[in-house]
Amino acid sequence: MVNVDVTPLPGIGTRQDFASKAGRRIGVVNHRDGRFDLIVSKVDDPDACTASIPLTPEEAGALANLLGSPQLVAALDEQQRDVTGISTKQLPIGPHSPFDGRTLGDTAMRTRTGVSIVAVVRAGTAHPSPGPEFNLAGGDLLVVVGTSEGLRKAAEILERG
Amino acid sequence: MHDTAISLVELGAIFFGLGVLGRFAWRIGISPIPLYLLGGLAFGQGGVIPLDGIHEFTELASEIGVVLLLLLLGLEYSAAELVTGLKRSWVSGLIDIVLNAAPGVAIAFLLGWGPVAALAMGGVTVVSSSGIIAKVLSDLGRLGNRETPTILAVLVFEDLTMAVYLPILTAVLAGATLLGGLTTVGIALVSVTVVLVVALRYGRFVSAIVDSPDPEVFLLRVLGVAMLVAGLASELQVSAAVGAFLLGIAISGSTAENATRMLTPLRDLFAALFFVVFGLNTNPAEIPPVLPAAIGLAVISAITKIVTGWFAARRAGVRPLGRARAGAALIARGEFSIVVAGLALASGAVPEQMASLATTYVLLMAIIGPVGARLVEPVVGWLRTLRHRTPKTV
């Protein structure tokens, strides 16, 4: 378990950070208006920050996805190791995807490629076993299980329709 | 041109000029407040361009500027933050007040201005500019630093102290008797306590009075309540500014956030006028005689702030470099020093030179503060190499 320290910053928001095993302080400054600053402490001066990177709520969500979902995929891979020829991949709904704003059923993924969509990761939260009525949005990550051929096709469909 | 046309042209010229100055200030990394003051000096008596016809408007606008400055300050803090801040940082806060009031009080006595001016000058040198400091910390990417909560806690303490100090100052300036003064202090303390309790327990009801889903209605309600409370506070001799500050504290949650978003542009507008008007009322010819005093005051009160920050950060377990950063960050004085000086001057109970001293002082501190905060790391690094090198050469 990682212990996250929450420090109020009166007039600004809160600072939430933890000390990593490598001895660096990592966390975010959470502004009142919803913006985030990603902060990483300096090596020689743990009180100061070497980086303080402003992120919009969307960017923060994307970063959380990047950090959070590989674990999910790793866990799924673990379960499917015994089944030969089957692998797990996460496929994004890109900004130009025709399925941004349409339902999962519209992709007809199972019929067209044989792959299964086992979860949708949105803003760092996984929605497991989404039904056909699930509304997709740009920035979602689909966790997809299938053959490598099916996964390749699925990626193409999500990109071009 | 007829009168209205002249007034509009003059106001337009002032606003546009301030806009240009403000852009220039942020470009070179300092607060626009000193430039607004300089703008006021240029327009005013003995200045480059004399202004007629808009005097009444600018005077009232600058009063509104003070009310909005303090209202927004109150909105920034929730009552819970203030109470925890008070519990956690009262030692540092008290040290801050004592150390930093001392230079102002001393200079007033040295110049022979008497105890009333000493009380006012103490206020001028105590209060750091939370506006400048928040901006500088954010610009320098120091919001995530360990010393930052300490800096903010000191600012919170100062602002709460203002809520008690301003009514006392108002009473003293009005020439109150001992009994009258004590009554005002009593009223001030009681109202601060009542507001904190009300805001903690029933903050949502206060918010409900002003809240509205319609932005226009919301703006009018918040402004209306702010002026009403400020006027009432002024009538009770608690000072309009304090009334607005306490109202800001009582409004909480999402209402406070919306109010902040909506009122910030208005605050910037009226506060800019407030600084200009203060500059207007300062005679540029009076600045050279007070310059040595202002420079001395700037140097000493910069040192006292560094000591304060150092001490406060050390209590929080921050290392020496961070302590130095905390101290340097606190140097900046700005809007509230001018608010205090403005209050004192409006009463006529202090010598007029105080206007030029306060203007010059804030001009210096609003520039030294951000520059000091930027330079502190290289300077400390340089001092360290110097210290490491000395044993070898000696």
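All values reported here derive from a predicted model rather than from experimental measurement. Letters A, B, ... mirror the listed sequences (proteins, then strands); counts begin at 1.
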CG on B:L143 to CG on A:L9, rounded to 0.5 Å: 7.0 Å
A:S52 side, atom OG; B:R142 side, atom CZ - distance, nearest 0.5 Å: 11.5 Å
Chain A contacts, top residue of B:A134, B:P149, B:G322 (heavy-atom pairs, under 4.5 Å): B:P149
Minimal non-hydrogen separation, B:V156 against A:P10, with atom names: CG2-CB, 3.5 Å
A:R15 side chain to B:N145 backbone, donor-acceptor under 3.5 Å: yes
Any B:R323 side-chain heavy atom under 4.5 Å of A:D47 side chain: no
Side chains of B:R146 and A:P46 in contact at under 4.5 Å (non-hydrogen atoms): yes
Whether over 12 other heavy atoms sit under 6.0 Å from A:R24 CZ: yes
A:R110, CZ: over 12 other non-hydrogen atoms inside 6.0 angstrom: no
Interchain contact, A:D44 with chain B, by part (heavy-atom threshold 4.5 Å): backbone
Toward chain A, the part of B:V318 with a non-hydrogen atom under 4.5 Å: both
Option among B:R325, B:R319, B:R384 that satisfies the salt bridge (Lys or Arg N to Asp or Glu O under 4.0 Å) test with A:D45: B:R325
